Amino acid sequence: MKQQVLILGAGFAGMWAALSAARLTDLHDSNDIEITVLAPQPELRIRPRFYEDGVENFAAPLLPLFAATGVKFIAGSASEIDVANKQVWYHTAQENLSAMHYDRLVLATGSHINPMFPGAKEHAFDVDQLESAARFEQHLNQLAQLPESDARNTVVVCGGGFTGIELATELPARLRAILGERASTRVIIADRSPVVGGRYSEELSAVITQASEELGVEWKLNAEIAAIDAQGVTFKNGDFIASNTVVMTMGVQASPLTSQIPATRDAQGRLHVDENLKVVGQDDIYATGDVAFARTDDQGNTALMTCQHAIMLGRFVGNNVAAELLGVTPHPYRQVNYVTCLDLGGFGAVYTEGWDQVVKSTRSEGKKIKVAITNELIYPPKAEKEIAFAAADPLAAFV
Ligand SMILES: Cc1cc2nc3c(=O)[nH]c(=O)nc-3n(C[C@H](O)[C@H](O)[C@H](O)COP(=O)(O)OP(=O)(O)OC[C@H]3O[C@@H](n4cnc5c(N)ncnc54)[C@H](O)[C@@H]3O)c2cc1C
């Protein structure tokens with residue numbers, strides 16, 4: 001019987017894990033390993049674009065690619081990992097409960113926003129998943145049907161991290177397109193930090209400040225959110241901002257399936273993995289992408305919840321899980337290079353290199369890089385075996 005590699009999730013990490021495992025199996029002419037991806041949809045959802053307009057377009061089909069590379073796909077949502085019996089229970093698209101055995105499991109089920117403030121679940125939007133980003137877009141597009149008011153014209157973005165900044169700097173133009181050039185709109189980023197872009201390098205936060213000023217995006221700093229309701233946001237110091245549109249961008253947590261694996265997890269729920277991306281203390285389970293807490297180098301840096309890391313974590317984990325079954329030497333995960341490219345709406349974008357975030361390009365030059373990354377680089381490879389396998393090589397150049 002063939003050995004089963006079961007990969008849960010078809011995001012950046014899951015898709016690349018499958019391609020990389022199939023590549024190594026093919027390189028060794030092995031017919032003894034079957035690679036299966038289990039996920040709700042056979043598509044790669046391009047989450048880094050969910051702050052943009054037209055979110056329903058940001059998903060790429062995977063069935064032709066999997067067919068070309070010999071990867072099996074099952075449409076379903078995993079609900080239970082039975083570690084002792086090496087099987088996963090899942091609900092099919094028809095809501096039937098089914099089980100699948102594995103010899104090796106790769107957990108790649110990503111992350112999600114945790115609406116952690118009172119009222120956030122009921123009243124706040126997010127751009128975290130395709131469905132919720134589509135709901136947000138529909139709400140924005142319907143704002144013009146509401147009577148003119150400060151609450152209608154104001155968007156509060158909770159969280160001044162990368163997602164919050166990319167969304168907020170995009171919104172002035174989107175609101176003008178919806179409410180008219182003359183509407184007096186406000187976009188406010190609420191963040192607990194005392195300074196704009198406080199968690200980034202001084203150089204990068206200076207560009208974020210400049211872009212925010214040019215675009216009229218306001219920052220409410222030292223802002224501790226107390227609650228969100230249908231009228232707006234209340235802060236712990238008693239301040240209140242009236243808004244029909246409050247968007248959560250903070251509080252990202254790893255998939256809840258991580259809690260079913262007896263192992264150490266970090267504060268965001270990510271499983272600690274060794275250099276081959278196997279979950280520490282488990283013999284048959286690997287973790288990758290946003291569910292993995294992994295060292296990237298010997299300098300103390302660890303992978304972030306980014307697609308930049310998920311893509312490489314996927315290529316390494318796929319290679320290493322297949323290597324273990326084939327009895328060949330794995331490639332320890334290493335990802336020394338780190339770049340950021342932050343969209344700043346009508347200002348352009350800013351591109352940095354290194355963990356100290358040295359600014360290399362801004363404005364339209366930065367935007368060209370951003371578009372090349374989000375519209376091409378992170379999409380699935382062509383559905384042709386040779387092209388896909390060449391790209392899936394963990395040692396091939398990336399960024
Ligand atoms: C708005 C936004 C902007 C971003 N911008 C950037 C950026 O500019 N640069 C960057 O590098 N990163 C960015 N990111 C982060 C990036 O998108 C994530 O780090 C990346 O998607 C993680 O990849 P992943 O494969 O681990 O998870 P995901 O891409 O989330 O994929 C998870 C997969 O698991 C599946 N799944 C979930 N639960 C189950 C289950 N129970 N059973 C089976 N399958 C399941 C999902 O359907 C999906 O197929 C952004 C994210 C967002 C939301």
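Whatever order the structure lists ligands and atoms in, that order sets their numbers, starting from 1. The structure displayed is predicted, hence computed values, not measured ones.
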Quiz item: Nearest non-hydrogen atom to atom 37 (C) of ligand 1 belongs to which of Thr109, Val339, Thr374?
Solution: Thr109
Quiz prompt | Flag side-chain contact, heavy atom, 4.5 Å: Phe347 against Glu214 | solution = yes
Self-check item: Heteroatom proximity flag, Arg45 to ligand 1, N/O under 3.5 Å
Solution: no
Quiz item: Should one rank Ala10, Pro40, Ser77 by closest heavy-atom distance to atom 44 (N) of ligand 1, which comes out on top?
Solution: Pro40
Quiz item: Counting each atom of ligand 1 from 1 as listed, which ones have a heavy atom of Gln308 under 4.0 Å away?
Solution: 11 (O)
Quiz item: What atoms of ligand 1 come within less than 4.0 Å of a heavy atom belonging to Ala39?
Solution: 43 (C), 44 (N)
Quiz item: Heavy-atom distance from atom 9 (N) of ligand 1 to the protein below 4.0 Å?
Solution: no
Quiz item: Would a hydrophobic clustering, with Ile, Leu, Val, Met, Phe, Trp and Tyr connected at side-chain separations under 4.5 Å, put Leu313 with Phe293?
Solution: no
Quiz item: Does an N or O from Cys341, backbone or side chain, lie closer than 3.5 Å to an N or O of ligand 1?
Solution: no
Exercise. For ligand 1, note which part of Ser79 has a heavy atom under 4.0 Å away: side chain, backbone, both or neither.
Key: neither
Exercise. Would you mind running through ligand 1 and noting each atom that sits below 4.0 Å from a heavy atom of Leu38?
Key: 43 (C), 44 (N)
Quiz prompt | Distance-only N or O hit between ligand 1 and Val291, under 3.5 Å | solution = no
Practice problem: Answer with yes or no whether the side chains of Thr92 and Ser98 bring together a donor and an acceptor at under 3.5 Å. | Solution: no
Quiz prompt | Sub-4.0 Å atoms of ligand 1 with respect to non-hydrogen atoms of Gly110 | solution = 26 (O), 27 (O), 30 (O), 32 (C)
Quiz prompt | Within reach of ligand 1, part of Leu257 (heavy-atom separation under 4.0 Å) | solution = side chain
Exercise. Using only heavy-atom distances, determine whether the side chains of Asn319 and Ser20 contain a donor-acceptor pair under 3.5 Å.
Key: no
Quiz item: Is the closest N or O pair between Phe12 and ligand 1 shorter than 3.5 Å?
Solution: yes
Practice problem: Around atom 35 (C) of ligand 1, find the nearest protein heavy atom and jot down its residue, atom name and distance. | Solution: Gly9 CA, 3.7 Å
Quiz item: Backbone or side chain, does any N or O of Ala310 fall under 3.5 Å from an N or O of ligand 1?
Solution: no
Practice problem: Show the numbers, then the answer: is there a salt bridge (charged side-chain N to carboxylate O under 4.0 Å, His left out) between Glu365 and Lys360? | Solution: CA-CA 9 Å; Glu365 279 308 303; Lys360 295 286 178 181; over 6 Å; no
Self-check item: Ionic contact status for Arg315 with Asp393, cut-off 4.0 Å
Solution: no
Quiz item: Counting from 1, what ligand 1 atoms have a heavy atom of Gly289 closer than 4.0 Å?
Solution: 26 (O)
Exercise. Looking only at protein heavy atoms, identify the closest one to atom 7 (C) of ligand 1 and say how far it is in Å.
Key: Pro48 CB, 3.9 Å
Distance-only donor-acceptor pairs under 3.5 Å for side chains of residues 234-243, two or more places apart:
residue	atom	partner	partner atom	Å
Asn237	OD1	Asp239	N	2.9
Asn237	ND2	Asp239	OD2	3.3
Asp239	OD2	Lys220	NZ	2.7
Ser243	OG	Thr154	O	2.7
Ser243	OG	Thr245	N	2.9
Ser243	OG	Thr245	O	3.0

Self-check item: Proximal ligand 1 atoms for Val127, defined as those under 4.0 Å from one of its heavy atoms
Solution: 1 (C), 53 (C)
Quiz prompt | Atoms in ligand 1 with a heavy atom of Met305 nearer than 4.0 Å | solution = 15 (C), 19 (O)
Self-check item: Flag if over 12 foreign heavy atoms under 6.0 Å of CZ, Arg334
Solution: yes
Quiz item: Under 3.5 Å, N or O to N or O, is Asp128 touching ligand 1 that way?
Solution: no
Quiz prompt | Donor on one side chain, acceptor on other, Tyr286 and Asn276, under 3.5 Å | solution = no
Self-check item: Aromatic ring pairing Phe162/Tyr200, orientation class (parallel under 30°, perpendicular over 60°, tilted between)
Solution: parallel
Quiz item: Are Phe136 and Phe50 close enough that their ring centers fall under 6.0 Å?
Solution: no
Quiz item: Taking the six-membered ring where the residue is Trp, are the ring centres of His309 and Phe12 under 6.0 Å apart?
Solution: no
Quiz item: In terms of residue, atom name and distance, what is the protein heavy atom nearest to atom 11 (O) of ligand 1?
Solution: Cys307 N, 2.8 Å
Exercise. Could you say whether the N/O atoms of Asp290 and ligand 1 ever approach to under 3.5 Å?
Key: yes
Practice problem: Starting from Leu97, walk the hydrophobic network (Ile, Leu, Val, Met, Phe, Trp, Tyr; side-chain heavy atoms closer than 4.5 Å) and list everyone else you reach, by chain and number. | Solution: Trp89
Quiz item: Side-chain heavy atoms under 4.5 angstrom apart, residues restricted to Ile, Leu, Val, Met, Phe, Trp, Tyr: same cluster for Phe125 and Val127?
Solution: yes
Self-check item: N or O pair under 3.5 Å between Gly76 and ligand 1
Solution: no
Exercise. Count the heavy atoms of every other residue, nucleotide or ligand shown that sit under 6.0 Å from CG of Asp150, and state whether that count exceeds 12.
Key: no
Self-check item: Thr163, portion touching ligand 1 at heavy-atom distance under 4.0 Å
Solution: side chain
Exercise. Check ligand 1 against Ala108 and write out every atom of the ligand that is under 4.0 Å from a heavy-atom position of the residue.
Key: 32 (C), 33 (C), 34 (O)
Quiz item: Does Arg47 approach ligand 1 within less than 4.0 angstrom via side chain, backbone, both or neither, non-hydrogen atoms only?
Solution: both
Quiz prompt | Nitrogen or oxygen of Ala78 less than 3.5 angstrom from that of ligand 1 | solution = yes
Exercise. Mind checking whether Lys370 contacts ligand 1 via backbone (N, CA, C, O), side chain (CB onward), both or neither, at a 4.0 Å heavy-atom cut-off?
Key: side chain
Quiz item: Measuring from Leu304:CG to Gln308:CD, what's the distance to the nearest 0.5 Å?
Solution: 8.0 Å
Exercise. Take Asn320 and Tyr333 through the side chain to side chain donor-acceptor pair (under 3.5 Å) test and state the conclusion after the steps.
Key: CA-CA 9 Å; Asn320 291 349; Tyr333 168 66; over 6 Å; no
Quiz item: Out of curiosity, is Ser255 lining ligand 1, as in a heavy atom under 4.0 Å away?
Solution: no
